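Reviewing the structure listed below.
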Amino acid sequence: MAQGDLRDHLVAYFEDHHKFLEAGALQLLLKDHHPLLLSRQLLEGTPTDSPFVTQAMVEAMIARRAVSTSSGVAGFARLDTAVRSPASARVAAEPFTLIAEGFNEPNAAIGPLGAFESLFLSRYRALHHLLSGRPDLPNVRSLSELRADHGAASVIVMIREVRQTAERKHLILQVEDESGSAELLVPRDSPAAHEPYVSDEVIGATIVFPRERGRLPRVQSVQRPDVPRTRVGGRASRPSRVLFISDLHIGSRSFLDRAWDRLSDFLYGRGPAPELAAEIRHVVIAGDLVDGIGVYPKQERDLAIEDIFEQYAELGRRLAQLPNTLNIIAVPGNHDAVCPAEPQPNLPAKLREQLPRNVRSLGNPSTFALDGVVIEAYHGRSFDDLIPALPGASYARPTEVMKRMLAMRHLAPIYGERTPLAPLPRDGLVIDPAPDILVTGHAHTYGVDQHRGVLLLNASTWQAETEYQRMRNISPVPARAAVVDLTSLRLHSLDFSSEVPRVNGPPN
Ligand SMILES: [Fe+2]
Ligand SMILES: [Fe+2]
């Protein structure tokens, strides 16, 4: 990233968190090996009520980092170790920067219940951070200190349950914060009553107390953390493009090998638009790299390769078929051979060894910068929970759900349904920083949209329709790929499903 771009990016990042960077602090961050990572550490380590990030705070954080690296504390230390090792000096020189993996080390000292408690506390605090200090949420109070004589106030709360009153059809939000729980009434005629709420999401609400004693506080308006409209996006300062694909499902009988060969030809400049192919430096794969085994009932009937190790060996061969100059980044999905609870770790070493050297295996989700453009890659398992929870949402239009993820600044808030959540100390599914591009898979459809300047992509699949999907009424849109120009975020859609691949460019 060019120094000027990085400066803008850092300032915008702190603004997003309602923090002001002192000039000295900014200088120190710009000089650091890993400014984005250090910025995140600063936000997590500075007191919520201070709006300033001072030079002294940055110095203290750098000192703390040196200590935690040697003692191996928490997830950041692991990343920091990577930053300091000689291998990472090479990585820093490459156009790839890891910002954060969702997966972080479990805390073995606390039991499972305590672990979930600290997971939700981490989520609440991270999103509280994004919501506090906003002009549209004045007079923020904790639930325990709310009193009728405060008149109007705001609260920042996690939603536990939503129900409707039997007679008048008002909504009752059962909510919690760090101080306790409460019920809030959303009058049925208010705009806030017409939007869907998702359990375990964090919202800000302005409330008023009715004159009558004993009545519930009423919600006047609701604010979600969302992506700030003022955010400055990152852009590459040299020509560079990234190809997005997903859901290869290697090992499935339905893997589209002919379409894959066409993709490979295209990348070698032997297909349409060779000038486009020539500028592609990166490939991002959003999970379900292989079909796995025992993922759904009677899956063995759909498998061409029944051994999981062999599936990854074949994945390695398929990826080696692409030009070895590409920087390939792959996150796992729910079909891959890692723990299905999210955030998922990256592939075990034994499977990583099967992949070519130009493939970087990261956890799901992961946030990284490619030539200065911040990308969040998430497989998208939570579509299975969010689609039923959001009226009008469907697998055919996953980008609509992705807009809601950005508004909530969370990839998979709902606990206890189909997406298993890992009880880790830090909630790695909070979307922070807001990316320039959010890419998902899992829906097996192709979708492009944008939300407040963030490009949204659902990156198709290389698996034709399976019997299981027919049964579940899912119609895939396979063999599509998106090529994004990192200098402008302009996008070409590629279709390899027929003999002659098609390229659709952006309107001029
Ligand atoms: Fe999939
Ligand atoms: Fe999936």
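Computed from a predicted structure; not experimentally measured. Residues: numbered from 1 along the sequence shown.
- Here the side chain of Asn139 pairs no donor or acceptor atom with the backbone of Ser154 at under 3.5 angstrom.
- Distance check, rounded to the nearest 0.5 Å: CE of Met158 to CG of Leu121 gives 8.5 Å.
- Taking 4.5 Å as the limit, some side-chain heavy atom of Phe96 sits within range of a side-chain heavy atom of Leu370.
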Open item on the list: Would Ile159 and Val198 count as a side-chain contact (heavy atoms from CB on, under 4.5 Å) here? Give the steps.
Closed with: CA-CA 7 Å; Ile159 294 181; Val198 165; over 6 Å; no

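- Using modelled atom types, no side-chain atom of Arg418 and backbone atom of Asp385 make a donor-acceptor pair closer than 3.5 Å.
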Open item on the list: One pair to check against side-chain contact (heavy atoms from CB on, under 4.5 Å): Val157 and Leu173. What are the steps and the verdict?
Closed with: CA-CA 10 Å; Val157 291; Leu173 305 182; over 6 Å; no

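- With respect to Leu243, the side chain to side chain contact (heavy atoms under 4.5 Å, CB included) criterion is satisfied by exactly one of Leu322, Val284, Ile280, Leu326: Ile280.
- Rounding to the nearest 0.5 Å gives a distance of 10.5 Å between CD of Gln450 and OG1 of Thr399.
- Put simply, the side chain of Arg360 reaches to within 4.5 Å of the side chain of Asn327, judged on heavy atoms.
- If you take CD on Glu161 and CG on Asp200, they are separated by 10.5 Å, rounding to the nearest 0.5 Å.
- Looking at Leu10 and Leu36, their side chains come closer than 4.5 Å, going by heavy atoms from C-beta outward.
- Atom CZ of Arg470 is surrounded by more than 12 heavy atoms from other residues, nucleotides or ligands within 6.0 Å.
- Contact of the Phe383 side chain with the Met405 side chain is registered, since non-hydrogen atoms from C-beta on lie closer than 4.5 Å.
- The two atoms that bring Ala389 and Ile414 nearest to each other are CB-CD1, 4.0 Å, heavy atoms only.
- By the 6.0 Å contact criterion, CZ on Phe20 is open, its count of non-hydrogen atoms from other residues, nucleotides or ligands being 12 or less.
- Tested against Ser361, the residues Val331, Ile328, Asp336, Asn346 include a single side chain to side chain contact (heavy atoms under 4.5 Å, CB included) partner, Asn346.
- Atom CG in Asp257 sits 12.5 Å away from atom CG in Leu263 (nearest 0.5 Å).
- Here the closest non-hydrogen pair linking Ser460 and Arg480 is OG-N, 3.1 Å.
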TODO: With side-chain contact (heavy atoms from CB on, under 4.5 Å) as the test, would you mind laying out the steps for Glu195 and Tyr197 before giving the verdict?
DONE: CA-CA 7 Å; Glu195 51 182 305; Tyr197 296 90; 4.0 Å; yes

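- The side-chain heavy atoms of Leu127 and Asp427, taken from C-beta on, include no pair separated by under 4.5 Å.
- Of the possible polar contacts, none joining the Glu101 side chain to the Ser366 backbone as a donor-acceptor pair under 3.5 Å is found.
- How far CG of Leu42 is from CG of Leu21: 8.0 Å, rounded to the nearest 0.5 Å.
- With 3.5 Å as the limit, one finds a donor-acceptor pair spanning the side chains of Glu342 and Tyr378.
- The closest donor-acceptor contact from the side chain of Arg123 to the backbone of Pro413 lies under 3.5 Å.
- Relative orientation of the Phe255 and Trp260 rings is tilted, given thresholds of 30° and 60° on the angle between their planes.
- Under a 3.5 Å cut-off, the side chain of Ser190 and the backbone N or O of Val186 do not form any donor-acceptor pair.
- Just one residue in the list Val430, Asn364, Ile431, Leu406 forms a side chain to side chain contact (heavy atoms under 4.5 Å, CB included) with Leu411, and that residue is Ile431.
- Considering only heavy atoms from C-beta on, Leu494 stays 4.5 Å or farther from Pro501 through its side chain.
- With contacts defined as side-chain heavy-atom distances shorter than 4.5 Å, the pair Pro138/Thr206 qualifies.
- To the nearest 0.5 angstrom, Arg241 atom CZ is 7.0 Å from Thr487 atom OG1.
- Using a cut-off of 4.0 Å between Lys/Arg side-chain N and Asp/Glu carboxylate O, Asp371 and Arg235 are scored as not salt-bridged.
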- [ ] Give the C-alpha distance, both sets of side-chain angles, the deciding distance and a yes or no for salt bridge (Lys or Arg N to Asp or Glu O under 4.0 Å) between Asp261 and Arg318.
- [x] CA-CA 9 Å; Asp261 291 344; Arg318 288 296 180 176; 3.4 Å; yes

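- A salt bridge links Asp436 with Arg231: the closest approach of a Lys/Arg side-chain nitrogen to an acidic carboxylate oxygen falls below 4.0 angstrom.
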Open item on the list: What verdict does the side-chain contact (heavy atoms from CB on, under 4.5 Å) test give for Thr466 and His249, after you've listed the backbone C-alpha separation in whole Å, the side-chain angles of each residue and the deciding distance to 0.1 Å?
Closed with: CA-CA 11 Å; Thr466 63; His249 289 267; over 6 Å; no

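- Side-chain contact between Leu29 and Phe14 is present, with at least one heavy-atom pair separated by less than 4.5 Å.
- Remark: the Asp384 side chain and the Tyr395 side chain contain an N/O donor-acceptor pair separated by less than 3.5 Å.
- For Arg397, the CZ atom sits in a loose shell: 12 or fewer heavy atoms of surrounding residues, nucleotides or ligands are nearer than 6.0 Å.
- Defined by atom type and a distance below 3.5 Å, a donor-acceptor pair is missing between the side-chain atoms of His335 and Asp247.
- Heavy atoms only, all atoms of each residue included: Asp291 and Gln463 are closest at OD1-NE2, 3.5 Å.
- A donor-acceptor pair is defined here as one N or O able to donate and one able to accept, closer than 3.5 Å; no such pair exists between the side chain of Arg270 and the backbone of Ser264.
- Nearest heavy atoms, His444 versus Asn458: N-OD1, 4.2 Å.
- Side-chain atoms of His492 do not come within 3.5 Å of backbone N or O of Asn504 as any donor-acceptor pair.
- Considering all non-hydrogen atoms of both residues, Val219 and Ala192 come closest at CG1-CB, 4.3 Å.
- Heavy atoms from other residues, nucleotides or ligands lying under 6.0 Å from CZ of Arg258 number 12 at most.
- Between Met402 and Leu457 the shortest heavy-atom distance is CE-O, 3.3 Å.
- Under the 30°/60° scheme for interplanar angles, the aromatic rings of Trp462 and Phe496 are found to be tilted.
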